[in-house]
Amino acid sequence: MTVSLRDARSAELYARAVTYLPGGVNSPVRAMRSIGRDPLFMQRGAGGEIFDVDENPFVDWVCSWGPLICGHAHPAIVKAVTDAAQCGTSFGAPTAGEVDLAEEVSRRVPGVEMLRMTSSGTEAAMSAVRLARAATGRTKLLKFAGAYHGHVDGLLADAGSGLATQGIPASPGVPAEVAASTIVVPWNDPDAVVAATEAHEFAAILAEPFPANMGLVAPAEGFLELLRARADATGALLIFDEVISGFRVSRGGAQELSGVIPDLTVMGKVIGGGLPAAAYGGSRALMARIAPAGDVYQAGTLSGNPLAVAAGLATLALLDGEQPYLKLAAATHALADGLAEAAGSAGYEDIQIVSTTGLLTLFFSTEPVTDYAGARGCDRDAYASWCRGLLARGVYAPASQFEAWFPSLAHTREQIERTVSAAAAAFAEVER
Ligand SMILES: *Cc1c(COP(=O)(O)O)cnc(C)c1O
């Protein structure tokens, strides 16, 4: 049975939007082109649910692509933000919350003694790279195919995420000289890392320790340790981009889970609790190179914005102790098990479910996915068909095979069950 979605108001808004906004959106993956439809315009969210402008309710597994680990409009976060707004929205002078947040982050993340806040993960990644170049006196970067570090010129090569979704390998407008200083190797390929680090002197090896922008692809046993060892052996810095994994896969992020501590850590998403905030940090010795303590320039009018800091602090407070992570892990497991059952009940075998606390991807692939080539080899038409089937049944999943699902502390058992029944029905109608 094909179910369809009421979307007259979204369609009307989209028709206006395309006149003034490229593609009708302010960030490409929102456009839903890769699943063959136009975007749905949202008007409100509560916990694990969102409502579009046509009043369709959806169980939301996108959760703003990562920041909303406590779900939509959590009362404590809304209160923190509105209280902060009452006192003024920006000063261009330091505020107490920034010190509190820096302390909270450094208490949690093993590799961060000192940090600098920015307004986006892109800015934080760009600034961490600048610092690594200043500290090493080198230019070249090693990155992994399918890893996304924001839309920084030098980091767009084979960048997964929205580029993969739109079928864009890199971007026009990036100078060839800039692209040439980035070497890209396959994820989970130790020989390629060894060969590249023998052939080039890198300022930094840059990795998402739990890559989640080609779908979720776990690091192979020993791979993160190899990155640490190769960085140490060759004088490169190791940068972990924990914009997604930070405060999510565990309290202290992937570095706490794996015990592999990077020189610099890039953070975003959860750290801003749904408002624009991000940060980069590392040892005090390295971070002391940043102006005005040191000579590496980096600045931002709204960096450490009081509203964003309040949302970040309220979010981290809700993540205190072990309980929230046990709960998030349980929700993620229930979702993963439910989706596997749904596929089984529909007789659909060609899938791989990868999950870790707070993250999940369902690949339409007969083989386990260990790198970007594997992710690109998935049956994207099947994913698109399944995803449309989910939407029609009130489940909002990432409109791309290359993005992760974001279980939150707000998702209820009932919402997981609703997702699983929708998934079973959607599997049954996947065109194959
Ligand atoms: C989202 C993301 C970024 C970019 O963050 P923005 O705030 O969108 O600029 C960087 N790295 C990773 C791993 C991300 O997932």
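Because the structure is a prediction, the values reported are computed rather than measured. For ligands, and for the atoms within them, numbers begin at 1 and follow the listed sequence. Sequential numbering from 1 along the given sequence is applied to the chain's residues.
Shortest contact from atom 6 (P) of ligand 1 to any protein heavy atom: Gly121 N, 3.4 Å. Residue, atom and distance of the protein heavy atom nearest to atom 11 (N) of ligand 1 are Asp241 OD2, 2.6 Å.
Heavy atoms from both the backbone and the side chain of Thr122 come within less than 4.0 Å of ligand 1. Residue contacts with ligand 1, taken as heavy atom pairs separated by less than 4.0 Å, involve Lys269 solely via side-chain atoms from C-beta onward. In His149, the part holding a heavy atom less than 4.0 Å from any atom of ligand 1 is the backbone. Contacts with ligand 1 closer than 4.0 Å are made by side-chain heavy atoms of Asn213 only, the backbone lying farther away.
Separating the NZ atom in Lys269 from the OG1 atom in Thr315 is a distance of 15.0 Å, to the nearest 0.5 Å. Atom-to-atom distance recorded for Asn213:CG and Leu216:CG is 10.0 Å, nearest 0.5 angstrom. Note: Ile261 CD1 to Ser283 OG = 12.5 Å, rounded to the nearest 0.5 Å.
Under 4.0 Å is where a charged nitrogen must lie from a carboxylate oxygen, and between Asp263 and Arg228 at least one such pair does.
Interface atoms of ligand 1 facing Ile244, defined by a heavy-atom separation under 4.0 Å, are 15 (O). Distances below 4.0 Å separate heavy atoms of Ser120 from the following atoms of ligand 1: 7 (O), 9 (O). Of all atoms in ligand 1, numbered sequentially from 1 with element shown, those under 4.0 Å from a heavy atom of Glu208 are 13 (C).
Within 4.0 Å of atom 8 (O) of ligand 1, not a single protein heavy atom is present.
Between Phe223 and Phe144, the distance from one ring center to the other falls under 6.0 angstrom.
Residues Gln298 and Arg130 have side chains that never bring a donor and an acceptor to within less than 3.5 angstrom of each other.
Classified by interplanar angle (parallel below 30°, tilted 30° to 60°, perpendicular above 60°), the ring pair Tyr383/Phe364 is perpendicular.
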